[in-house]
Asker: 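Quick one: structure below, then a few questions.
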There are 2 protein chains.
Amino acid sequence: MIKKKIKLKDIAKELEVSISTVSKALKNSEEISRDTKEKIQAFARLYNYKPNNIAVSLKNKRTKNIGVIIPDIVHHFFTTVIRGVENYALEKGYNVIVCLSDESFDKEVINMEMLANGSIDGFIMSLSAGTEKKKDFNHLKEVTDQGIPLVLFDRVTNEIDCDKVVIDDIQGAYVATKKLIDEGRKRIVLLTTQDFFSVSLNRNLGYQKALKDAGVKVKDDFILKLPFMDVDDKAISEFLERTKPDAILSTNEIFGIFAMRVLQKKGFEIPNDISIIGFTDGLLAQHANPAITSVAQHGEKMGEMAAKMLIDRVENEEDEEPNYQTKIIAPTLIERESTF
Amino acid sequence: MIKKKIKLKDIAKELEVSISTVSKALKNSEEISRDTKEKIQAFARLYNYKPNNIAVSLKNKRTKNIGVIIPDIVHHFFTTVIRGVENYALEKGYNVIVCLSDESFDKEVINMEMLANGSIDGFIMSLSAGTEKKKDFNHLKEVTDQGIPLVLFDRVTNEIDCDKVVIDDIQGAYVATKKLIDEGRKRIVLLTTQDFFSVSLNRNLGYQKALKDAGVKVKDDFILKLPFMDVDDKAISEFLERTKPDAILSTNEIFGIFAMRVLQKKGFEIPNDISIIGFTDGLLAQHANPAITSVAQHGEKMGEMAAKMLIDRVENEEDEEPNYQTKIIAPTLIERESTF
DNA sequence: TGTTAACACGAAACCGTTTTCGAAAGTGTT
DNA sequence: AACACTTTCGAAAACGGTTTCGTGTTAACA
């Protein structure tokens with residue numbers, strides 16, 4: 001026995017008024033008399049009337065949905081961003097449609113196209129590895145050309161004119177490297193990914209800048225660029241044996257964890273023998289033994305800011321000159337047990 | 001210069017045919033002549049016509065969206081479930097709307113109500129702690145009464161008649177405990193949460209059953225029930241000092257990690273002195289040092305199955321007698337370095 | 001040449017709302 | 001009694017599609 005949902009027409013028929021009257025009464029319109037409004041509202045409450053979202057969306061051309069496209073959800077950073085977006089969205093009465101590009105350009109395009117046909121009021125996204133590698137941003141261009149608001153976060157591109165929120169990766173790496181230098185470390189190596197990731201590139205720059213500012217020469221063979229997936233214990237192990245570092249900066253969380261494991265198995269003590277700092281202050285860094293000093297990216301805050309920027313755009317679409325902004329969040333070095 | 005999206009009416013006007021003709025032509029209807037169809041399709045392709053999802057949804061009463069409500073997204077298990085759901089959904093042309101209940105009953109209700117008014121074709125969800133504690137399932141009842149398909153996973157209730165997918169928690173805990181017994185461990189303690197979590201309860205049962213089957217007496221003070229959030233190092237530490245275990249079974253990932261840290265700080269060697277097995281085969285267990293033997297819950301598979309069950313229901317709504325199923329996934333013990 | 005059937009297309013209803021506009025009824029003023 | 005306002009409500013269009021059904025045209029056939 002399925003209880004069908006009640007609609008305006010049903011209320012109208014039952015109370016012998018018109019649909020328009022019901023609609024207005026439920027919005028407490030001044031046009032409708034006190035009596036009628038009370039009668040209608042009471043009836044609606046009794047039968048638990050809720051307007052159909054789809055019909056409202058079609059009429060208002062507002063879905064109250066925002067689309068979030070991220071490369072990977074099994075990743076603490078993106079997960080915290082979603083939480084931030086969700087928090088703000090819920091507060092503003094928006095739903096969050098999450099799509100995963102799986103680091104693939106094609107999936108990113110498919111997902112965008114699926115959502116761009118009316119399903120959402122705006123996008124929040126971080127570029128997939130495939131897209132960063134291919135440098136093809138036509139799908140983003142099409143979306144913005146249609147007037148759909150877009151906010152890019154973390155992995156962004158300046159090929160596209162839109163709102164952005166990023167952390168200051170150069171600064172983050174700089175501070176981390178400086179911390180290691182100040183500790184007296186002399187052989188500071190960098191574990192990073194290939195260059196097509198905008199974030200890795202910037203972190204690399206920050207690392208080199210800190211070294212230069214301290215009068216330390218940057219050695220190219222102190223930098224290991226690993227593929228971003230399928231991390232290889234062996235590659236790390238060989239690199240560490242060759243470079244014999246006394247400190248490691250990793251541009252992500254996982255490489256640092258791997259390095260620490262390799263070192264611990266070889267009998268090194270962290271941080272006595274070698275200091276380690278990683279990026280992305282995630283669960284792994286927090287719960288490792290010793291806990292790893294990390295550059296926090298404030299994902300949740302990023303998500304909230306992105307959501308705020310997006311919803312502001314969505315709700316004030318009239319302003320003709322966009323005046324796009326890029327918010328830069330300052331990273332924070334969280335000192336734990338893997339450094340002094 | 002915003003490029004407005006083209007609609008049926010525009011194509012109709014341009015090609016001097018009716019809207020219905022365009023609609024049919026684009027669906028390759030037999031009613032329309034070859035010539036007209038080709039002309040219309042070519043035009044549509046040229047101008048990149050895509051039907052408006054909202055309008056189609058309103059007409060068809062199908063949104064091609066599925067709502068997923070989970071307690072927490074910053075949690076590896078749920079995150080893998082979402083990935084599984086996403087995979088299957090994308091394949092079938094569905095979008096996934098993710099809502100977070102934040103372990104709160106109220107948020108769970110709000111989210112359900114937001115989505116239940118036409119935004120989605122069905123729900124996939126795992127109960128929040130608040131709901132499990134309160135044992136109030138009226139919001140679920142209302143949804144199913146309306147004929148909206150619902151699939152519960154992991155944290156389920158038998159108060160509600162619907163499809164479910166769970167893992168055999170009793171079995172998982174049984175196998176894990178047996179493994180410890182077979183290793184020769186005599187003082188096997190259990191780290192778990194309060195009883196209102198259905199999963200914890202079952203894991204506790206499995207633990208006790210394995211002990212009994214091996215002729216070991218279950219001691220109540222060998223079981224520590226911690227609040228599910230804000231884990232307390234001190235409580236764990238005191239418990240371990242009091243019980244002096246030679247093996248630990250943790251009903252989740254994090255308690256096991258905490259216990260290992262505490263023990264390592266006290267100088268114990270894992271697994272030489274003490275073996276550890278945890279539930280939820282997440283990143284923490286995989287990357288801990290030593291890596292922790294875990295009972296894998298196969299979240300991605302669960303997500304895929306839940307999505308499959310839901311979409312099957314959605315697309316075959318005619319069958320009058322529901323005949324709800326509960327799929328039980330067998331857990332797997334993944335042996336790592338924290339046991340012999 | 002008249003009848004019929006196939007073919008190709010269009011008009012209109014519909015999905016469930018919102019909103020504009022017009023109009024009936026009531027009120028008050030002279 | 002005539003007029004001008006209010007107040008209160010309903011008809012209808014609109015959002016952008018899908019689908020049913022009717023109809024004009026043409027070809028085929030007796």
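Chain identifiers are assigned alphabetically (A, B, ...) following the order of the sequence lines, protein sequences preceding nucleic acid strands; residue numbering begins at 1 within each chain. Source: prediction; values computed, not measured.
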Asker: Just grab all the salt bridge (Lys or Arg N to Asp or Glu O under 4.0 Å) pairs involving residues 77-91 of chain A, residues at least two apart or on different chains.
Answerer: A/R83-A/E300, A/R83-B/D72
Asker: Quick check for you: to the nearest 0.5 Å, what is the distance between A/K308 atom NZ and A/N87 atom CG?
Answerer: 14.5 Å
Asker: Write out all pairs satisfying ring-ring contact (aromatic ring centres under 6.0 Å, His included) with one or both partners inside residues 19-52 of chain A, taking only residues at least two apart or from two chains.
Answerer: A/F43-A/Y47
Asker: Indicate whether any N or O donor in one side chain lies under 3.5 Å from an N or O acceptor in the other, for A/T131 and A/S128.
Answerer: yes
Asker: Kindly compute the distance separating NE2 (A/H75) from CG (A/L100), expressed to the nearest 0.5 Å.
Answerer: 13.0 Å
Asker: Return the value, rounded to whole Å, for the distance between atom CD of A/E31 and atom P of D/dA11.
Answerer: 14 Å
Asker: Say whether A/S18 and A/T21, considering side chains only, have a donor N or O and an acceptor N or O under 3.5 Å apart.
Answerer: yes
Asker: Show each protein N/O and nucleotides 4-6 of chain D N/O combination with a separation under 3.5 Å, one pair to a line.
Answerer:
none

Asker: So A/S33, base contact, sugar-phosphate only, or nothing? Heavy-atom distance under 4.0 Å.
Answerer: sugar-phosphate
Asker: Distance check needed: D/dG17 C1' versus B/K7 NZ, whole Å only.
Answerer: 11 Å
Asker: For residues B/D163 and B/L150, determine if any side-chain heavy atom of one lies less than 4.5 Å from a side-chain heavy atom of the other.
Answerer: no
Asker: With a non-hydrogen cut-off below 4.0 angstrom, is A/K27 in contact with a base, only sugar-phosphate, or nothing?
Answerer: sugar-phosphate
Asker: With axes from five pairs an end, tell me the bend angle of the helix from C/dT1-D/dA30 to C/dT30-D/dA1, nearest 10°.
Answerer: 70°
Asker: What is the distance, rounded to the nearest whole Å, between atom NZ of B/K9 and atom P of D/dG17?
Answerer: 10 Å
Asker: Tell me the closest heavy-atom pair linking B/A25 and B/I40, and the distance in Å.
Answerer: CB-CD1, 3.6 Å
Asker: From CD1 of B/I19 over to P of D/dC15, roughly how many Å is that when rounded to an integer?
Answerer: 10 Å
Asker: Which listed nucleotide (D/dA11, D/dT18, D/dC15) is nearest to the side chain of A/K61?
Answerer: D/dC15
Asker: Whole Å only: how far is the CD1 atom of B/I32 from the P atom of D/dT18?
Answerer: 13 Å
Asker: Is A/T36 touching bases, backbone alone, or none of the nucleic acid, heavy atoms closer than 4.0 Å?
Answerer: sugar-phosphate
Asker: What are the two closest heavy atoms between A/F78 and A/P71, and how far apart are they?
Answerer: CZ-CD, 3.5 Å
Asker: Rounding to a whole Å, what distance do you find between B/K24:NZ and D/dG16:P?
Answerer: 21 Å
Asker: Tell me whether the OP1 or OP2 atom of D/dA14 has a side-chain N or O from A/K59 closer than 4.0 Å.
Answerer: no
Asker: I need the CD-P distance between A/E38 and D/dT8, as an integer number of Å.
Answerer: 13 Å
Asker: Using chain B heavy atoms and a threshold of under 4.0 Å, write down where along DNA chain C the contacts begin and end, 5' to 3'.
Answerer: C/dA8 to C/dG16
Asker: Please tell me if B/Y49 has a side-chain N or O lying less than 4.0 Å from either OP1 or OP2 of D/dG17.
Answerer: yes
Asker: When the nearest nucleotide of DNA chain C is assigned to B/E30 and to A/V56 on a heavy-atom basis, which residue is associated with the more 5' position?
Answerer: B/E30
Asker: Would you confirm whether A/K5, through its side chain, and A/K50, through its main-chain N or O, come within 3.5 Å as a donor-acceptor pair?
Answerer: no
Asker: Can you give each donor-acceptor pair under 3.5 Å made by side-chain atoms of residues 113-126 of chain A, sequence neighbours left out, with the distance rounded to 0.1 Å?
Answerer:
residue	atom	partner	partner atom	Å
A/S119	OG	B/N53	ND2	2.8
A/D121	OD1	A/T63	N	2.8
A/D121	OD1	A/T63	OG1	2.9
A/D121	OD2	A/T63	N	3.2
A/D121	OD2	A/K64	N	2.8
A/S126	OG	A/F153	O	3.0
A/S126	OG	A/R155	N	3.3

Asker: Are A/K39 and A/D35 within salt-bridge range, i.e. N to O under 4.0 Å?
Answerer: no
Asker: Write down the distance between CG (B/L8) and P (D/dT18), rounded to a whole number of angstrom.
Answerer: 6 Å
